[in-house]
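All remarks here apply to the structure that follows.
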Amino acid sequence: MKKFFPLVLIVFYVSCIRNEPVLPEIGREKCAHCSMSIVDLRFHSQLLTEKGRRYYFDSIECLRAYEKTNSLPVRSSWVADFEHPKKMIVASQAVYVRSSEIRSPMGQGMLSFSSRERAEIFLKNHAGKIIP
């Protein structure tokens, strides 16, 4: 029985991890990719690994670059809804726009929206295009 106790603790710990986004503390959390402080929630993104480690990013560009260079087992990832910065969207369900009119932290103007309709409404008033 003693042999299985650590395994039971690990299973219990992993099952207790919140599988939902957690907003970072503005100005305190650093981007896991570029180390810049997260100061604008409109561009914020984050990922949660299978082991429960949470990584914050100051931009969608940094999240994508980090995922390419690090092969982490990802449980979930989220991006901020550009129109409602405190609302996070599952990254695989977001609609992405690149706009030269918007200055994101890394300068590539990447934004995320909750639906294609919201992205198209944004593009009626701003230059840019929907990207995969």
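What's counted below: heavy atoms across the whole structure, side chains too, no hydrogens, waters or symmetry copies.
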Before giving the answer on side chain to side chain contact (heavy atoms under 4.5 Å, CB included), spell out for Lys129 and Val97 the whole-Å C-alpha distance, their side-chain angles and the decisive distance to 0.1 Å.
-> CA-CA 5 Å; Lys129 65 180 181 179; Val97 168; over 6 Å; no

When clusters are formed from ILVMFWY side-chain contacts under 4.5 Å, directly or step by step, what else is grouped with Ile38?
-> Val22, Tyr56

Any idea which heavy atoms bring Ser45 and Ser59 closest together, and the distance?
-> OG-O, 3.1 Å

Does Tyr96 reach the side chain of Ile130, with side-chain heavy atoms less than 4.5 Å apart?
-> no

Atom CD in Gln108, atom CD1 in Ile102: separation rounded to 0.5 Å?
-> 14.5 Å

Between Gly109 and Ser104, the two heavy atoms sitting closest are N-OG, 3.0 Å

Can you sort out the partners of Arg42 under salt bridge (charged side-chain N to carboxylate O under 4.0 Å, His left out), two or more places apart, ordered by chain and number?
-> Asp40

Residue pairs passing the salt bridge (Lys or Arg N to Asp or Glu O under 4.0 Å) test with at least one member in residues 56-74, sequence neighbours excluded, are none

Distance (rounded to the nearest 0.5 Å) between Asp81 CG and Leu41 CG = 12.0 Å

Mind checking ring pair (Phe, Tyr, Trp, His ring centres under 6.0 Å) for Phe113 and listing every partner two or more places apart, or none if nothing turns up?
-> Phe82, Phe122

Report the residues that fulfil salt bridge (charged side-chain N to carboxylate O under 4.0 Å, His left out) with Glu101, sequence neighbours left out, ordered by chain and then residue number.
-> none

Test side chain to side chain contact (heavy atoms under 4.5 Å, CB included) applied to Met88 and Glu20, step by step | CA-CA 9 Å; Met88 302 294 290; Glu20 59 189 45; over 6 Å; no

For Val79 against Ser112, the heavy-atom pair lying closest together | CG2-OG, 3.4 Å

Closest heavy-atom pair and its distance - Arg54, Trp78 = NH1-CZ3, 3.7 Å

Does Ile60 belong to the same Ile/Leu/Val/Met/Phe/Trp/Tyr cluster as Val39, with side-chain heavy atoms less than 4.5 Å apart forming each link?
-> no

The side-chain contact (heavy atoms from CB on, under 4.5 Å) partners of Glu117 (sequence neighbours excluded) come to Ser115, Ile121

For Met36, what are the other residues in its hydrophobic cluster, where any two members join if their side-chain heavy atoms are less than 4.5 angstrom apart?
-> Met106

List for me each residue that meets side chain to side chain donor-acceptor pair (under 3.5 Å) alongside Ser99, sequence neighbours excluded, and say none if there are none.
-> none

Can you name the residues that form a salt bridge (charged side-chain N to carboxylate O under 4.0 Å, His left out) with Glu25, not counting sequence neighbours?
-> Arg28

Could you grab the distance from atom CG of Asn19 to atom OG of Ser76, nearest 0.5 Å is fine?
-> 3.5 Å

CD1 on Ile89 to OG on Ser114, rounded to 0.5 Å | 5.0 Å

Working to the nearest 0.5 Å, report the span between CD of Gln46 and CG of Leu23.
-> 7.0 Å

Quick one: list whatever passes salt bridge (charged side-chain N to carboxylate O under 4.0 Å, His left out) with Arg118, sequence neighbours left out.
-> Glu83

Name all residues meeting the side chain to side chain donor-acceptor pair (under 3.5 Å) criterion together with Ser37; count only those two or more places apart in sequence or in a different chain, and write none if there are none.
-> Lys30

Which pair of heavy atoms, one from Val74 and one from Glu50, lies closest together, and at what distance?
-> O-OE2, 3.7 Å

Under the ring pair (Phe, Tyr, Trp, His ring centres under 6.0 Å) test, residues paired with Tyr66 that sit two or more places apart | Tyr55, Phe57

For the atom pair CZ (Arg98) and CG (Leu123), what is the distance rounded to the nearest 0.5 Å?
-> 13.0 Å

Determine the minimum heavy-atom distance between Thr49 and Arg75, stating which atoms define it.
-> O-CB, 3.7 Å

May I ask you to decide whether Glu120 forms a salt bridge with Arg116, counting only side-chain N to carboxylate O separations under 4.0 Å?
-> yes

